[in-house]
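Please read the structure below before turning to the comments.
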Amino acid sequence: PYRPQVVVRPASAQQVAQVLRWASGQRVPVTPWGLGSSVTGAPLPLHGGISLDLSGMNRILALDETNLLVKVQAGKRGSELEQELNQHGCSTAAGYTLNHSPQSLDRSTVGGWVSTRATGQFSSRWGGIEELALALTVVLPGGEIVETVFAPRSAVGPDLCQVFIGAEGTLGEGVEGTLKIFPLHEQRIVQTRAVESVGEGPGGMGQRWQSGEGGDPGGVHWQDDAAD
């Protein structure tokens, strides 16, 4: 029931700016579209207008192996980005990883993660996208292109990057993002431990972590017999 009058697939920030500038002048609603995997209906054009399909903006723009950063366009599919980073080995690392693994990794985009303040299965260890995204390029509704300042830390003024994260396109359309990456370990250890009850599980693991016995896991998944 919710269909746009037109679908526009830009290839650059400049083209996004042209679309938003025209749409603002004509008072035409614009709804961003990544891969459409939202379960809340966020990408649906409730008022028609333009569906801004960012799937054509899917390139890695820069890989900084010194500072462990990747700059990528907003339409990049998460699983493709992770695979390309995994395969980019060098003398000091077997490859790289985002350490960001939402359930929708293979059907969501970097822009979607930023717009919805996404988390993943490793977020308890590495943080959500608000901690992994360090800088953004955003096109404002009037067509102005702005880049948030990338710095390790600033004590002057608000962090504008955090203003746009989770805004779901209401303040502007994110078109590029600079994300943290991490060296890919040669091995990943997966362990299973049986406990007598669900209540015993969290308490036992908490004690193991506090004592140092449990190491520093990337995530813990609890499952009972009913989920088999």
Output side-chain donor-acceptor pairs under 3.5 Å for residues 169-180, partner residues at least two apart or in another chain, one line each.
from: Thr170; atom 1: OG1; to: Ala167; atom 2: O; distance (Å): 2.7
from: Glu176; atom 1: OE1; to: Thr137; atom 2: OG1; distance (Å): 3.3
from: Lys180; atom 1: NZ; to: Glu131; atom 2: O; distance (Å): 3.4

I'd like a table of donor-acceptor pairs (distance under 3.5 Å, sequence neighbours excluded) in which one partner is a side-chain atom from residues 23-31, with atom names and distances.
from: Ser24; atom 1: OG; to: Leu20; atom 2: O; distance (Å): 3.0
from: Ser24; atom 1: OG; to: Pro141; atom 2: O; distance (Å): 2.4

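In this structure a side-chain-to-backbone donor-acceptor pair under 3.5 Å is missing from Asp53 to Val7. Of the possible donor and acceptor atoms, one in the side chain of Ser37 sits under 3.5 Å from a partner among the backbone N and O of Arg107. A donor-acceptor contact shorter than 3.5 Å is absent between the side chain of Ser123 and the backbone of Thr119. No donor-acceptor distance shorter than 3.5 angstrom exists from the side chain of Gln15 to the backbone of Pro10, with no hydrogens or angles considered. Side-chain N or O atoms of Asp64 include one that pairs as donor or acceptor with a backbone N or O of Thr66 at under 3.5 Å. For the pair Arg9 (side chain) and Leu54 (backbone), a donor-acceptor distance under 3.5 Å is absent. At least one donor-acceptor pair closer than 3.5 Å links the side chain of Glu82 to the backbone N or O of Leu98.
When all heavy atoms of Thr148 and Leu160 are compared, the closest pair comes out as CG2-C, 4.0 Å. Here the shortest heavy-atom pairing between Asn99 and Phe122 reads O-CB, 3.8 Å. A pairwise comparison of heavy atoms in Trp113 and Ser108 identifies NE1-OG, 2.8 Å as the closest pair. Counting all heavy atoms, side chain and backbone alike, Gly143 lies closest to Ala17 at O-CB, 3.3 Å. When all heavy atoms of Ala42 and Glu168 are compared, the closest pair comes out as CB-OE1, 3.4 Å. Contact record, Ala133 with Ile165: CB-CD1, 4.1 Å, taken as the closest heavy-atom pair.
Using a 4.5 Å heavy-atom threshold, the side chains of Val139 and Glu144 count as separate. At least one side-chain heavy atom of Glu65 sits under 4.5 Å from a side-chain heavy atom of Leu63. Within the 4.5 Å cutoff, no side-chain heavy atoms of Lys71 are placed close to those of Arg59. Side-chain contact between Cys161 and Asp159 is present, with at least one heavy-atom pair separated by less than 4.5 Å.
For the atom pair CD of Gln73 and OG1 of Thr109, the computed distance is 11.5 Å after rounding to the nearest 0.5 Å. Here the straight-line distance linking atom OH of Tyr96 with atom CG of Leu68 works out to 6.0 Å at 0.5 Å rounding.
Put simply, Met57 and Ile50 are part of the same group of oily side chains (I, L, V, M, F, W, Y) that touch within less than 4.5 Å, one to the next. A continuous path of ILVMFWY side-chain contacts below 4.5 Å connects Val114 to Ile60, so both sit in one hydrophobic cluster. Taken together through direct or relayed side-chain contacts under 4.5 Å among Ile, Leu, Val, Met, Phe, Trp and Tyr, Leu105 and Val70 form part of one hydrophobic cluster. Both Ile129 and Val72 are part of a single hydrophobic cluster, where members link through side-chain heavy atoms under 4.5 Å apart. There is no path of hydrophobic side-chain contacts, each under 4.5 Å, that joins Val19 to Val146.
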Determine, stepwise, if the pair Leu85 / Leu184 fulfils side-chain contact (heavy atoms from CB on, under 4.5 Å).
CA-CA 9 Å; Leu85 290 172; Leu184 185 66; over 6 Å; no

Pair Trp33, Leu52 - check side-chain contact (heavy atoms from CB on, under 4.5 Å), show working.
CA-CA 6 Å; Trp33 180 277; Leu52 191 66; over 6 Å; no

Walk me through it: do Arg77 and Leu35 pass the test side-chain contact (heavy atoms from CB on, under 4.5 Å)?
CA-CA 8 Å; Arg77 185 187 297 265; Leu35 288 177; 3.6 Å; yes

Report the C-alpha distance between Leu81 and Gln83 in whole Å, list the side-chain angles of each, state the deciding distance to 0.1 Å, and finish with yes or no for side-chain contact (heavy atoms from CB on, under 4.5 Å).
CA-CA 5 Å; Leu81 176 57; Gln83 183 178 31; over 6 Å; no

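Ion pairing between a basic and an acidic side chain is recognised when a charged N comes within 4.0 Å of a carboxylate O; Lys76 and Glu84 show such pairing.
For Trp126 and His100, the gap between ring centers reaches or exceeds 6.0 Å.
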